[in-house]
Trainee: 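Below you will find the structure I want to go over with you.
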Amino acid sequence: MPRWSSAVSAADFLPESRDLDELAAAARRCRGCELYRRATQTVFGEGPPTARVVFIGEQPGDEEDRQGRPFVGPAGKMLNVVLDEVGIDRDDVYVTNAVKHFKWVPRGTRRLHAKPSAREMTACRPWLEAEIAAVEPLCVVCLGATAAQSLLGPGFRITKQRGQFLQTRFSPRLLATYHPSAILRAPDAESRLKMRKEFVADLRKVSRHLSKA
Ligand code: URA
Ligand code: SF4
C-alpha cells in the first residue's frame, strides 16, 4: 500500500514473489506514478525466465500500449531483424522497458511519444530491478539513453560509452547501445546506415559472449 511518508513508487505494489508471471500480474495494478492514468494498460516485460539476455527499452510506444506487449511496433520489428542477423535466439531474450506505461502528448489525432521524467523512471525502476533479478541474465542490454540512465544515473552518455561491457550491480555485463527508434529516426540515410552498423556490431559482441558462455 502507498505509504504517506514518502513518494509513491512501484515499490509499494511489488509482491514478495520473484516469479515473472506474478510480477506481471502485480504490475497491472501499479499506480506508482501518474503515467497509468493516460495509458491503456501496463506493458510488462516478456520472455522466458531462462533468457540469457535482457533488453531494456525506454517505454511502450503507441502500438505496444494498444497490444499490451513490449516491442511489437516498428522498433521491435527492427530489433528482431538484427537479433536474427547476429544469431541471438529470440527464446534467449527477455524484453522490457525502463517505464511500463506509455507517456504521450496529443498531436492532432496522433499520440506522440513523450520522454519519461527522472521521477517517473525512478518510480518504475523497482519493476525493472525485479525483472532482472528474476531472470538473472548473463548480460543486460540497454537500448538508448533512457534505459541506461535509469540503471546507471543521469550522467550516462550513449555517445561516450556505447558498446562497452560494464560491470554493474544489476549485471556483471551491461552494454548500452542505440535505441532502434533512434536509428529509424536518423536524419539521413548515411547516418542511419552508420548507426545501424554500430548497433549490429554491439549486438554481435553480445552474441559472441553468449556463444562462449
Ligand atoms: N520502444 C521502446 O522503448 N519500447 C517498446 O516496447 C517499444 C518501442
Ligand atoms: Fe507504475 Fe511504472 Fe506505470 Fe508508473 S509507469 S504507474 S511506476 S508501472
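The first residue of the sequence shown is numbered 1, and numbering continues consecutively from there.
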Trainee: Is any NZ, NE, NH1 or NH2 atom of the basic residue among R66 and E63 found under 4.0 Å from an Asp or Glu carboxylate oxygen of the other?
Mentor: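 Here R66 does not pair with E63 in a salt bridge, since their nearest N and O are not under 4.0 Å apart.
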
Trainee: Under 4.5 Å between side-chain heavy atoms, hopping through other hydrophobics if needed: is there a path connecting V43 to I132?
Mentor: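 Hydrophobic grouping puts V43 apart from I132.
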
Trainee: For V99, which fellow cluster members are found when Ile, Leu, Val, Met, Phe, Trp and Tyr are connected by side-chain heavy-atom distances below 4.5 angstrom, either directly or through intermediates?
Mentor: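 Hydrophobic cluster check, V99: joined to L35, M121.
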
Trainee: Please determine whether side-chain contact (heavy atoms from CB on, under 4.5 Å) holds for the pair R90 and V93, giving the CA-CA distance in whole Å, both sets of side-chain angles, and the decisive distance to 0.1 Å.
Mentor: CA-CA 5 Å; R90 207 57 183 68; V93 168; 4.0 Å; yes

Trainee: With T42, which of R28, H101, K100 fulfils side chain to side chain donor-acceptor pair (under 3.5 Å)?
Mentor: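 That would be H101.
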
Trainee: For A98 and A147, work out which heavy atoms get closest and say how close.
Mentor: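 Residues A98 and A147, closest heavy atoms: CB-CA, 4.2 Å.
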
Trainee: Do F71 and V86 share a hydrophobic cluster (ILVMFWY, side-chain heavy atoms under 4.5 Å, transitive)?
Mentor: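 Yes; V86 is reachable from F71 via cluster members.
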
Trainee: For the hydrophobic clusters of this structure (ILVMFWY residues joined by side-chain heavy atoms under 4.5 Å, transitively), does one cluster hold both V54 and V72?
Mentor: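 No, no single cluster joins them.
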
Trainee: Are R111 and D65 ion-paired here, with the side-chain N under 4.0 Å from a carboxylate O?
Mentor: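 Salt bridge between R111 and D65, a charged N being under 4.0 Å from a carboxylate O: yes.
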
Trainee: Identify the heavy atoms of P126 and A11 that sit nearest to each other, and give their distance.
Mentor: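 P126 and A11 have their closest heavy atoms at CG-N, 3.7 Å.
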
Trainee: Is the backbone of G163 close enough, under 3.5 Å, to the side chain of K205 for a donor and an acceptor to pair up by distance?
Mentor: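 Pair found, side chain donor or acceptor close to backbone of G163.
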
Trainee: Tell me, please, which residues at least two apart from E64 pass side-chain hydrogen bond (donor to acceptor under 3.5 Å, both in side chains).
Mentor: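 Expected list: none.
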
Trainee: Should the heavy atoms of other residues, nucleotides or ligands under 6.0 Å from CD of Q67 be counted, would the total exceed 12?
Mentor: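 Buried by this count: over 12 neighbours within 6.0 Å.
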
Trainee: Do you reckon L151 sits in the same ILVMFWY cluster as V141, going by side-chain contacts under 4.5 Å, direct or chained?
Mentor: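 Per the 4.5 Å side-chain linkage, L151 and V141 are co-clustered.
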
Trainee: One thing to verify: whether R196 and E85 come together as a salt bridge, which I'm taking to mean a side-chain N less than 4.0 angstrom from a carboxylate O.
Mentor: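 Result for this pair is yes, salt bridge flagged.
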
Trainee: Tell me, which pairs form a side-chain hydrogen bond (donor to acceptor under 3.5 Å, both in side chains) where one or both residues lie in residues 160-176, sequence neighbours left out?
Mentor: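 side-chain hydrogen bond (donor to acceptor under 3.5 Å, both in side chains) check on residues 160-176 returns R162-D202.
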
Trainee: Can you check whether L152 reaches L174 side chain to side chain, under 4.5 Å on heavy atoms?
Mentor: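 Yes, at least one pair of side-chain atoms sits under 4.5 Å.
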
Trainee: Has the side chain of R31 got a donor or acceptor atom that lies under 3.5 Å from a matching backbone atom of Y36?
Mentor: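 Checking the backbone N and O of Y36 against the side chain of R31, no donor-acceptor pair under 3.5 Å is found.
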
Trainee: Who else is in the cluster with W104 when I, L, V, M, F, W and Y are joined by side-chain contacts under 4.5 Å?
Mentor: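 Cluster partners of W104: F102.
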
Trainee: Might you point out which heavy atoms bring Q59 and P116 nearest each other, and give the distance in Å?
Mentor: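 So the two residues come closest at NE2-CD, 3.8 Å.
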
Trainee: Going from CD1 on I183 to CZ on F199, what distance comes out if it is rounded to the nearest 0.5 angstrom?
Mentor: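 One finds 5.0 Å between CD1 of I183 and CZ of F199.
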
Trainee: Taking C-beta and beyond as the side chain, do T96 and W127 meet within less than 4.5 Å on heavy atoms?
Mentor: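 Not in contact.
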
Trainee: Side chains of Y94 and V53: does their closest heavy-atom pair fall under 4.5 Å?
Mentor: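 No, their side chains stay 4.5 Å or more apart.
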
Trainee: Check salt bridge (Lys or Arg N to Asp or Glu O under 4.0 Å) between R69 and all other residues, then give those that pass, not counting sequence neighbours.
Mentor: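 R69: salt bridge (Lys or Arg N to Asp or Glu O under 4.0 Å) contacts with E46.
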
Trainee: Do side-chain atoms of E136 reach the backbone of A133 as a donor and acceptor pair under 3.5 angstrom?
Mentor: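 No; zero donor-acceptor contacts below 3.5 Å.
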
Trainee: In Å and rounded to the nearest 0.5 Å, what is the OG to CD distance from S150 to E129?
Mentor: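 Answer rounded to 0.5 Å: 8.0 Å.
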
Trainee: If you measure from CG on L210 to SG on C139, what distance do you get to the nearest 0.5 Å?
Mentor: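 The SG atom of C139 is 5.0 Å from CG of L210, to the nearest 0.5 Å.
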
Trainee: Any idea which heavy atoms bring I88 and S207 closest together, and the distance?
Mentor: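 Shortest heavy-atom contact: CG1-CB, 3.7 Å.
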
Trainee: Minimum heavy-atom separation for P137 and R52, please, with both atom names.
Mentor: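 Result for this residue pair: CB-O, 3.5 Å.
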
Trainee: Say you draw a straight line from SG of C124 to CZ of R119; how long is it, rounded to the nearest 0.5 Å?
Mentor: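 Going from SG on C124 over to CZ on R119, the span is 11.0 Å.
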
Trainee: Can any side-chain N or O of D19 pair as donor or acceptor with the backbone N or O of E22 at less than 3.5 Å?
Mentor: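 Such a contact is found between D19 side chain and E22 backbone.
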
Trainee: If only side-chain N and O atoms count, and only distance matters, is there a donor-acceptor pair under 3.5 Å linking Q149 with T146?
Mentor: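 No, no side-chain donor-acceptor pair sits under 3.5 Å.
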
Trainee: Could you check if a side-chain atom of F156 sits within less than 4.5 angstrom of a side-chain atom of L166, using non-hydrogen atoms only?
Mentor: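 Touching, per the 4.5 Å side-chain cut-off.
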
Trainee: Who else is in V105's hydrophobic cluster (ILVMFWY, side-chain heavy atoms under 4.5 Å, direct or via others)?
Mentor: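 Same cluster as V105: L112.
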
Trainee: Would you call K194 and E198 a salt bridge, taking side-chain N to carboxylate O under 4.0 Å as the test?
Mentor: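 So K194 pairs with E198 through a salt bridge.
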
Trainee: Is there a side-chain contact between L184 and P74, using heavy atoms and a 4.5 Å cut-off?
Mentor: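 Side-chain contact under 4.5 Å: yes.
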
Trainee: Is there side-chain contact between L203 and F55, with at least one heavy-atom pair below 4.5 Å?
Mentor: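 Yes; the side chains approach each other to less than 4.5 Å.
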
Trainee: Can you name the closest pair of heavy atoms from L79 and L143 and give their distance?
Mentor: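 Of all heavy-atom pairs spanning L79 and L143, the closest is CD2-CD1, 4.2 Å.
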
Trainee: Any donor and acceptor pair, going by atom type alone, linking the side chain of N80 with main-chain N or O of K77 inside 3.5 Å?
Mentor: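 Judged by distance alone, no pair lies under 3.5 Å.
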
Trainee: Are the side chains of I56 and N97 in contact, using a 4.5 Å heavy-atom criterion?
Mentor: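 No, too far: nothing below the 4.5 Å cut-off.
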
Trainee: Tell me, do P180 and M195 make a side-chain contact under 4.5 Å, heavy atoms counted?
Mentor: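 The answer is no; the side chains never approach within 4.5 Å.
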
